[in-house]
Amino acid sequence: MPYTYDDQNIFAKILRGEIPNKTVLETEHSLAFHDIGPQAPVHVLVIPKGPYVSYDHFAREASDAEILDFTRAVGKVCEMTGVTLDEGQGFRAISNAGAHGVQEVPHLHIHILGGRRLGKMLQPE
Ligand code: 5GP
C-alpha cells in the first residue's frame with residue numbers, strides 16, 4: 001500500500017509558516033524546533049521539509065541529498081544542544097511511527113531528548 005501524507009498535519013502547517021515554532025536549526029531540507037511539551041531539558045524535533053510520514057517512508061523515497069541533510073541536521077542539533085558524547089552526556093533519538101509506534105503527528109520527526117538521565121526506554125501504557 002502506498003504511503004499517504006496528510007498535508008494538514010501540524011508539522012506541515014509549521015513548515016508552511018501557518019503555525020509558529022521555536023526554531024533551533026533550518027537547513028535546505030530540514031527544520032529543527034523545540035517540542036511544545038518538552039519531556040526533558042533538551043527536547044528538539046528534527047523534521048525533513050519533504051512530505052514523509054515516517055522514517056521508513058523517508059528512507060525509501062527521499063533523495064540522497066535530503067537524507068544527507070537530515071542526518072547532518074540531527075548531528076548538528078545534538079551539538080547545538082550540548083548532548084554529544086564528546087561535549088555532553090548523551091541523548092536519546094526516537095522516531096515514533098504509526099499505530100504501534102503511537103505516532104501523534106504523521107510527518108517524520110526525530111525527537112532528540114537529553115539534559116538529564118532519561119530512564120528505561122519503554123514504559124508500560
Ligand atoms: P509523536 O508522538 O508523533 O512522536 O510526537 C509528536 C510531538 O509533537 C509531541 O512530543 C508533541 O508535544 C509535539 N507537538 C505537537 N504539536 C506541536 C506543535 O504545534 N508545536 C511543537 N513545537 N510541537 C508539537
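Remember, it's 1-based here, ligands and their atoms both numbered in the order they're listed.
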Checklist entry - So, for Y52 and F70, is the gap between ring centers shorter than 6.0 Å? => result no
Item to check | Distance from atom 8 (O) of ligand 1 to nearest protein heavy atom, with residue and atom | outcome: F11 CZ, 3.4 Å
Checklist outcome for this item: Per-atom filter on ligand 1: closer than 4.0 angstrom to a heavy atom of G37 are 12 (O)
Checklist entry - Does the N or O separation between F33 and ligand 1 drop below 3.5 Å for any pair? => result no
Item to check | Candidate with minimal heavy-atom separation from atom 14 (N) of ligand 1, of N9, I10, I36 | outcome: I36
Item to check | Residues K49, E26: salt bridge by 4.0 Å N-O rule | outcome: yes
Checklist entry - Of all heavy-atom pairs between R16 and Q8, which one has the smallest distance, and what is that distance? => result NH2-NE2, 3.9 Å
Next on the checklist: Heavy-atom distances under 4.0 Å decide this one: backbone, side chain, both or neither, for Q39 against ligand 1?
Outcome noted: neither
Next on the checklist: Show the atoms of ligand 1 that are less than 4.0 angstrom away from any heavy atom in Q103.
Outcome noted: 3 (O)
Checklist entry - Taking Q39 for the side chain and G37 for the main chain, is one N or O donor matched with an acceptor at less than 3.5 Å? => result yes
Checklist entry - Should the proximity of H111 to ligand 1, defined as any heavy atom under 4.0 Å, be assigned to the side chain, the backbone, both, or neither? => result side chain
Checklist entry - So if you build clusters from Ile, Leu, Val, Met, Phe, Trp, Tyr with side-chain heavy-atom gaps below 4.5 Å, do F11 and V53 land together? => result no
Checklist entry - Which atoms of ligand 1 are found less than 4.0 Å from any heavy atom of H109? => result 1 (P), 3 (O), 4 (O), 5 (O), 6 (C)
Checklist entry - H111 vs H43 aromatic rings, parallel, tilted or perpendicular, using cut-offs 30° and 60°? => result tilted
Checklist entry - Under 4.0 Å from any heavy atom of N96, which atoms of ligand 1 are there? => result 1 (P), 2 (O), 4 (O)
Item to check | Numbered atoms of ligand 1 (with element) below 4.0 Å of E104, judged on heavy atoms | outcome: 1 (P), 2 (O), 3 (O), 9 (C), 15 (C)
Checklist outcome for this item: Any heavy atom of I94 under 4.0 Å from ligand 1? The part involved is neither
Next on the checklist: Can you see whether T84 engages E87 through a side-chain donor-acceptor pair at a distance of less than 3.5 angstrom?
Outcome noted: no
Next on the checklist: Tell me if a side-chain donor or acceptor on S95 pairs with a main-chain N or O of H109 at a distance below 3.5 Å.
Outcome noted: yes
Next on the checklist: Is there a polar contact, in the sense of an N or O pair closer than 3.5 Å, between H43 and ligand 1?
Outcome noted: no
Item to check | Any donor-acceptor N/O pair, D69 side chain to H29 backbone, under 3.5 Å | outcome: yes
Checklist entry - How close does the nearest protein non-hydrogen atom get to atom 22 (N) of ligand 1, and which residue and atom is it? => result H34 O, 2.9 Å
Checklist entry - Looking at ligand 1, does D35 have a heavy atom less than 4.0 Å from it? => result yes
Next on the checklist: Looking only at the side chains, is there a donor atom on one of Y5 and H107 sitting less than 3.5 Å from an acceptor on the other?
Outcome noted: yes
Item to check | Which of the ligand 1 atoms, numbered from 1, are nearer than 4.0 Å to a heavy atom of V102 | outcome: 2 (O)
